[in-house]
There are 2 protein chains.
Amino acid sequence: MAVTMRDVAIVARVSPKTVSNVVNDHPNVHPDTRARVQRAIAELGYRPNHSARGLRSGRTGVIGLAVPELKQAYFAELADAVIAAAAKRGLSVIVGQLGGDREHEIELLTHGLPQTDGLLFSPEQLGSEDRDLLADVDFPLVMLGEWIFGGPTDHVTMHNVTAARSAVEHLISLGRRRIAVIGAHPEDETRQLGPSNLRIQGYREALAAAGIEHDPRLERVVAPWHPDDGAEAARELIRSGLEFDAVFALTDALALGALRALGEAGRVVPDDVAVIGFDNIAISHLANPSLSSVDPGRAEIAEMAVGMLVERIEWGTGSSRPARLHKAAFDVIVRESSGGTTVTAPTEPADAAQALNG
Amino acid sequence: MAVTMRDVAIVARVSPKTVSNVVNDHPNVHPDTRARVQRAIAELGYRPNHSARGLRSGRTGVIGLAVPELKQAYFAELADAVIAAAAKRGLSVIVGQLGGDREHEIELLTHGLPQTDGLLFSPEQLGSEDRDLLADVDFPLVMLGEWIFGGPTDHVTMHNVTAARSAVEHLISLGRRRIAVIGAHPEDETRQLGPSNLRIQGYREALAAAGIEHDPRLERVVAPWHPDDGAEAARELIRSGLEFDAVFALTDALALGALRALGEAGRVVPDDVAVIGFDNIAISHLANPSLSSVDPGRAEIAEMAVGMLVERIEWGTGSSRPARLHKAAFDVIVRESSGGTTVTAPTEPADAAQALNG
DNA sequence: GCGCCGGATTACCACGTAGTAAATCTCCTG
DNA sequence: CAGGAGATTTACTACGTGGTAATCCGGCGC
């Protein structure tokens, strides 16, 4: 059996409670006693039992992170950042995969993940129509991503509209006028605030601001965002005979597929067609040509999300503070696929996009 | 406060212990009683307290997975598979990132991850010289990867030698004779069993078997395997003026870099140079051209590793059963970069590679 | 010299669960 | 209808920790 406080107490000739006080850095422990206890701890190799601590204190020191699938690079990198941010605060992370299963996602909201003090949740199947589910959540929760806005829950996300707009403005600044989009979702009452539609909105805003005519035929549907379909969408675009000199792909995975399709068709990137993606996943700069992308500020998202969750955990579920919405600063990363020099866009005032989310 | 067994017991008019028996599916509970208790559980929304259960039973129902970095696609996909395999068995997974820090890795082996029943560990900095560390481990542990062989611990890995050999044999079958390797590590007494050297060995075996002269200058060093360096290694290879008609990159990330460099230099893949990687990460088939690769059998690795760990957990640390070594079946996935049709290699008899690991 | 103050330490207990062993019930045999 | 085997249920307890409140002790003021 493992070493307990009791064992340490015997060796240090104090009570178990004093050991507890030393371990928890309580004041009012005599320095000599503290030293003696610490020596005993080291000697015996004592390690606190987290289950017992959790039972007694109601905290496990573990938070949950729920994503659709870790094998999607975006979520893997998000998890990487979340785990790092949690580790800074001495928290462990249980990662759950919901596999895009709506039932699982609903179940998760009603019960949370076992063994955890709180949950970071990036849903894929829930939409703003499920907002009511959030009202009944009785554990600390911070939502990630763009499916549910305006709920009663803390929410960390990215500047979809403005970042997309900046990406398209970058393409326009290269002189491109016929800019296609890959990854549009059909307009849908309940999903109008999904990431696709927000980014499409940024695209349209950029066109409008530049006085470029909006050609709906250049908005190519890929729904849901299966990366394999990016190439197919680009092939259809090419087959359609429509003229275009740039592609804005709404995720990097779609963009990589588009690069393939363009290559097959003999279109040179970026000379014939400039391409930019969204997410800035790690392999994008290894693509051939390397892929320009919008970096959504993953580290900041993770840091803020963990910070908010910790606050909620520490305040307890009782106090109902108002929900907060945070959007991370983004960067437009210019690489070979839209040849140019690196440009960094400052964070926009949150108001602009915030207005969308009511 | 949450609903406890006590609360359920009162509503169901039984003792708390009977509730426990129902929850744990004990035999010898009267069907009527069981039904009554289950109704009370549903009515009150009772959920077991995992901390208390863990305290009482010594099990947490959580296993740990420690990898260098989740943002490396290989580890993300491994984690994906491990989490899925664990979920099948009702286990949660805490994912830890050691960031390639040797001190962290050693610390992990001495204490394990808190809150977990056992650990799956894929080290990066430990080598066979650290084998002794494993002897003192007092928690269920299954090692993953290729750094430590012959330790006293269960170990799940891939057929590095044979799989690499098959990859090179594939290149040879295309008529290639000047086959370069990207990702060799300097020969090093303590690290001779690292994945690099094992794969290099497979490469040399394939050449030897085909009667092709081995040119050491075609073995290009990239150590450690930073993906960005793959392109640079390929550029150096090109600059060297050495003739070559194929590249075997020891990871897909290196291969993607090589595709870039070859493209820059105007070498057409696969016509001028055939390329194959190793790991079969998800984005490889989106590369341009799509990347041939060796699929190391991630799902099988995860499944076996979790299975072994569960066995160790259930047997308890007391019983010292002999350590097992399992190598997953691999596939050679042929895509455009080495144009051809898909080939599946059967699992080799374990002996061949096993002999290396003594 | 007495009593009080406050720092230091301790006893006691409860957190929610499940193992153990004992108690109780049920049904069958003779 | 007694006896008993087996099924079912229960009382009791410990798991390791930390909150609460009580106790202990040395030094100080009067």
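Basis for what follows: all heavy atoms, side chains included, without hydrogens, waters or symmetry-related copies. First the proteins, then the strands, lettered A, B, ... as listed; each starts at 1.
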- Can you pull out how bent the helix from C:dG1-D:dC30 to C:dG30-D:dC1 is, comparing the axes over its first five and last five pairs, to 10°? 60°

- Query: At their closest point, which heavy atom of B:His26 faces which heavy atom of B:Val29, and how far apart are they?
  - Reply: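 Taking B:His26 first and B:Val29 second, the nearest heavy atoms are O-CG2, 3.8 Å.
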
- Query: Which heavy-atom pair separates A:Asn49 from A:Ser51 by the least distance, and what is that distance?
  - Reply: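 Minimum heavy-atom separation between A:Asn49 and A:Ser51: OD1-N, 2.7 Å.
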
- Item | Residues in contact with DNA chain C, drawn from residues 107-118 of chain B - heavy-atom cutoff 4.0 Å | none

- Task: Could you tell me whether B:Arg59 and B:Glu314 make a salt bridge, using a distance below 4.0 angstrom between a side-chain N and a carboxylate O?
- Result: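 Salt bridge flag = no for B:Glu314 with B:Arg59.
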
- Taking only Lys NZ, Arg NE, NH1 and NH2, and the carboxylate oxygens of Asp or Glu, determine whether A:Arg34 and A:Asp25 approach each other closer than 4.0 Å.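 So A:Arg34 pairs with A:Asp25 through a salt bridge.
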
- Whole angstrom is fine here: how far is it from CD1 in A:Ile10 over to C1' in C:dT10? 15 Å

- Message: Tell me the interatomic distance from B:Arg6, atom CZ, to D:dT13, atom P, rounded to whole angstroms.
- Response: 16 Å

- Of the candidate nucleotides C:dA18, C:dA14, D:dC15, which contains the atom at the shortest distance from the side chain of B:Leu55? D:dC15

- Message: Nearest to the side chain of A:Ala52, heavy atoms from C-beta on, is which of D:dG18, D:dG16, C:dA18?
- Response: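 Taking heavy atoms from C-beta onward, the closest nucleotide is D:dG16.
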
- Counting only distance, no hydrogens or angles, is the base of C:dA14 paired donor-acceptor with the side chain of A:Arg56 under 3.5 Å? yes

- Spatial distance of atom CD (A:Glu124) from atom CG (A:Asp101) [nearest 0.5 Å]: 10.5 Å

- Residue-level proximity of residues 26-51 of chain B to DNA chain D when a heavy atom falls under 4.0 Å: B:Asn28, B:Val29, B:His30, B:Thr33

Report all interatomic pairs (protein N or O, nucleotide N or O of nucleotides 20-23 of chain C) with separations under 3.5 Å.
none

- Message: Please evaluate residues B:Phe121 and B:Glu105 with respect to the criterion side-chain contact (heavy atoms from CB on, under 4.5 Å), reporting the C-alpha separation (whole Å), side-chain torsions for both, the decisive distance (0.1 Å), and the verdict.
- Response: CA-CA 9 Å; B:Phe121 183 18; B:Glu105 295 195 348; 3.8 Å; yes

- Query: Hey, is the main chain of A:Thr157 close enough, under 3.5 Å, to the side chain of A:Glu146 for a donor-acceptor pair?
  - Reply: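 Checked: no pair found.
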
Show me the donor-acceptor pairs within less than 3.5 Å that the side chains of residues 14-24 of chain A make with the rest of the protein, sequence neighbours left out.
unit_1, atom_1, unit_2, atom_2, d
A:Ser15, OG, A:Lys17, N, 3.4
A:Ser15, OG, A:Thr18, N, 3.3
A:Ser15, OG, A:Thr18, OG1, 3.3
A:Ser20, OG, A:Asn24, ND2, 3.4
A:Asn21, ND2, A:Lys17, O, 3.4
A:Asn24, ND2, A:Ser20, O, 2.8

Distances under 3.5 Å only, N/O to N/O: pair up the protein atoms with those of nucleotides 25-27 of chain C.
none

